[in-house]
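Because the structure is predicted, anything quoted here is derived from the model rather than measured. Both ligands and their constituent atoms are indexed starting at 1 by order of listing.
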Amino acid sequence: MAEALRIGIAGLGTVGASVARVLRDKAGELTRQCGRPITVTAVSARDRAKDRGIDLADIAWLDNPVDLARSNAIDVFVELVGGDEGAAREAVKAALEAGRHVVTANKALLAKHGVALAEIAEKKGVLLNYEAAVAGGIPVIKTMREAMAGNSVSRVFGILNGTCNYILTRMEAEGLTFEACLKDAQRLGYAEADPTFDIEGNDTAHKLSILTSLAFGTKIAADSIYLEGISNITQADIRAAADLGYRIKLLGVAQRTESGIEQRVHPTMVPTASVIAQVHGVTNAVAIETDILGELLLSGPGAGGNATASAVVGDIADIAKSRPGFQHGPVFGRPAKELKPYKKAQMRAHAGGYFIRLTVHDRVGVFAAVARRMADNGISLESIVQQAAGTNGDDKKTVILVTHETTEAAVRKAVDNITKDGHLVDKPQVIRIERAG
Ligand code: HSE
């Protein structure tokens, strides 16, 4: 039997404790699968006294994750600290430079420093594995990097944040408020330490930026993502979407266009009959469209201790199976130094259908004026509905428009014209419609 692979875990929160538990409970099976035992030899976390339901008695405890990263008592540094700077970044960099393999679930760190860290890993000939960083337990990184070699991707999109999907699902199914659903997501351990990262779309953007790099062979460009979260989505939008045959999902979309690569995160209407519309609760899904394979959709648990631990343990097992001298594939599918610069497509050029909900003064001619502004901007309407009298009281009415394919620039201009015309009582709501099978 080969020598044990020695693991150091930094961060013993929901995910870290689950990883330690799985490595202990599944030790026999993992040894058979990997041909060698996997042993946690050292950990680092803030609170030594906290009861995590695991016995840490025989495991070395280091207060500083950077010391753990450099320790000779480990072969693999598992980073579950979180954050794009500070201890997480320093420790991962230190571990790679010291020739340790790294496994991380830290999407924020990879979105910001992934390419630089990949360069160190590739230079040192060690693995930097990050399956858990995108879509929780779904093996999308391995799928895109390994199983889809040779495919040219045209679009990758998905539900990449369990918290948002959980909130939208419960708002729709149970008519609950946004706040009540968010509280439950936090209680269940899905949300980030700062949940605004979930609900304002940053977490989805971090994950999308990694998928974009894998899909298109470009440098990670998380700062170039168009971003809108779900905090403005109301029951009125959810009900109107349902009436029109749509469901609202927070999607991350990366798409090749004539002018560059579009990266966008926003609430999206998808047809209720589409497969992605059936993805409920904390479940994530990633759809990948390619020239050879066609369309692939992966779905599974996107957040929570065990789902994320499953991906982390899979990454550790890959390292346990690797052998010295084995040439590891590059971290982002192509050598980090050969990733192309990211060419951004302007959001104003985005083409697609739009849902527009307007709360207007109930006055003669408003309906016609709204339709006129759409026509003036070259927007063809699929439907325009004024909700029945009494919906909003006597002096205001709701008008709901669905457009045929048009551009972001045209919609922005038309909505701006309507606002300036003085017809609106409230802020307009604009939600993009995404083509989905
Ligand atoms: N907060 C994240 C989510 C956790 O809700 O999906 C997994 O990255």
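For ligand 1, the atoms closer than 4.0 angstrom to any heavy atom of Y190 are 1 (N), 2 (C), 3 (C), 4 (C), 5 (O). Using a 4.0 Å cut-off to heavy atoms of D198, the atoms of ligand 1 that qualify are 1 (N), 2 (C), 3 (C), 5 (O). Every atom of ligand 1 with a heavy atom of K107 under 4.0 Å away is listed here by number and element: 4 (C), 7 (C), 8 (O).
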### From CA spacing to verdict: ring-ring contact (aromatic ring centres under 6.0 Å, His included), Y190, Y166
CA-CA 9 Å; Y190 303 152; Y166 175 86; 5.6 Å; yes
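Exactly one residue among E228, E434, E408 makes a salt bridge (Lys or Arg N to Asp or Glu O under 4.0 Å) with R264. That residue is E434. Of the residues Q186, E200, K183, the one that meets the side chain to side chain contact (heavy atoms under 4.5 Å, CB included) test with P195 is Q186.
Nearest protein heavy-atom contact of atom 2 (C) of ligand 1 is E192 OE2, 3.1 Å. The closest protein non-hydrogen atom to atom 6 (O) of ligand 1 is G162 N, 2.7 Å.
Listed for the N151 side chain is no donor-acceptor partner under 3.5 Å among the backbone atoms of T290.
Between T163 and ligand 1, an N or O atom pair is found at a separation short of 3.5 Å.
The closest approach between any non-hydrogen atom of A191 and ligand 1 is below 4.0 Å.
Contact of the I159 side chain with the T283 side chain is not registered, since no non-hydrogen atoms from C-beta on lie closer than 4.5 Å.
Comment: K124 does not engage E97 in a salt bridge, judged by the lack of any side-chain N to carboxylate O separation of less than 4.0 angstrom.
With a 4.0 Å heavy-atom cut-off, ligand 1 is reached by the side chain of D203 but not by its N, CA, C or O.
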